[in-house]
Amino acid sequence: RSPEQKVLGSFLKKMQKFGYLKKASQGLEEFVLSIRDETLKQSAYVFVREFENHYFKDIAFDRQHKQRLKAAIKAIGT
């Protein structure tokens, strides 16, 4: 799996622990908007914004970027 897929998988696994499953037809932003808990939604959106900022601009996921994404995942729900 690519680094992008690994980080995204970690995010989705964390969200699943909170009872939120992303449907195959949902985009990440759409998925986050479906979260009812505002605090959880805000922290998940930080990850999504950071992830999409690199992913859709076709910028390589370097070590620093992966660390920022992992930190954003860790902050979800805290």
Side-chain angles (χ1 to χ4, degrees):
R1 292 186 343 180
S2 71
E4 296 89 350
Q5 290 173 326
K6 288 179 184 178
V7 172
L8 183 57
S10 295
F11 168 72
L12 295 174
K13 187 175 181 179
K14 177 92 177 220
M15 295 309 296
Q16 189 173 1
K17 288 181 182 178
F18 289 100
Y20 293 96
L21 293 171
K22 181 185 163 298
K23 298 175 186 169
S25 62
Q26 284 180 313
L28 285 176
E29 288 189 28
E30 184 181 5
F31 170 62
V32 169
L33 289 174
S34 71
I35 298 171
R36 294 182 183 190
D37 179 320
E38 276 304 313
T39 305
L40 186 61
K41 182 188 292 190
Q42 289 174 1
S43 56
Y45 191 69
V46 169
F47 168 84
V48 169
R49 193 172 55 234
E50 182 73 29
F51 181 86
E52 288 183 341
N53 193 32
H54 272 65
Y55 188 78
F56 288 120
K57 290 182 180 177
D58 222 14
I59 300 171
F61 278 47
D62 60 17
R63 177 186 266 197
Q64 288 178 328
H65 187 245
K66 284 189 276 187
Q67 291 300 326
R68 283 195 307 267
L69 289 169
K70 286 180 182 181
I73 292 169
K74 190 173 183 179
I76 294 171
T78 58

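These figures come from a predicted structure and were not determined experimentally. In what follows, every heavy atom counts, from backbone to side chain, and hydrogens, waters and symmetry copies are set aside.
Between His65 and His54, the angle of the ring planes stays under 30°, which puts this pair in the parallel group of the 30/60° scheme.
The NZ atom of Lys22 lies 7.0 Å from the CG atom of Leu8; values are rounded to the nearest 0.5 Å. To the nearest 0.5 angstrom, Leu40 atom CG is 10.0 Å from Thr78 atom OG1. With values rounded to the nearest 0.5 angstrom, Glu52 atom CD is found 9.0 Å from Phe47 atom CZ.
A side-chain contact (heavy atoms from CB on, under 4.5 Å) with Phe31 is found for one member of Leu21, Val48, Leu12 and no other, namely Leu12. When Lys14, Met15, Lys13 are each tested for a side-chain contact (heavy atoms from CB on, under 4.5 Å) with Phe11, only one passes: Met15.
Scanning both residues, Lys66 and Pro3, for their nearest heavy atoms gives CD-CB, 4.0 Å. The minimum heavy-atom distance linking Gly77 with Ser43 is given by the pair N-OG, 3.8 Å.
Under a hydrophobic-cluster definition in which Ile, Leu, Val, Met, Phe, Trp and Tyr are linked whenever side-chain heavy atoms come within less than 4.5 Å, directly or via other members, Phe51 and Phe18 are assigned to the same cluster.
Considering only residues two or more places apart in sequence or on other chains, Glu4 meets the salt bridge (charged side-chain N to carboxylate O under 4.0 Å, His left out) condition with none of them. For Arg49, the side-chain contact (heavy atoms from CB on, under 4.5 Å) test picks out Tyr45, Val46, with sequence neighbours left out.
Sorted by first and then second residue, the side-chain hydrogen bond (donor to acceptor under 3.5 Å, both in side chains) pairs with a member in residues 27-38 read Glu38-Lys41; sequence neighbours excluded.
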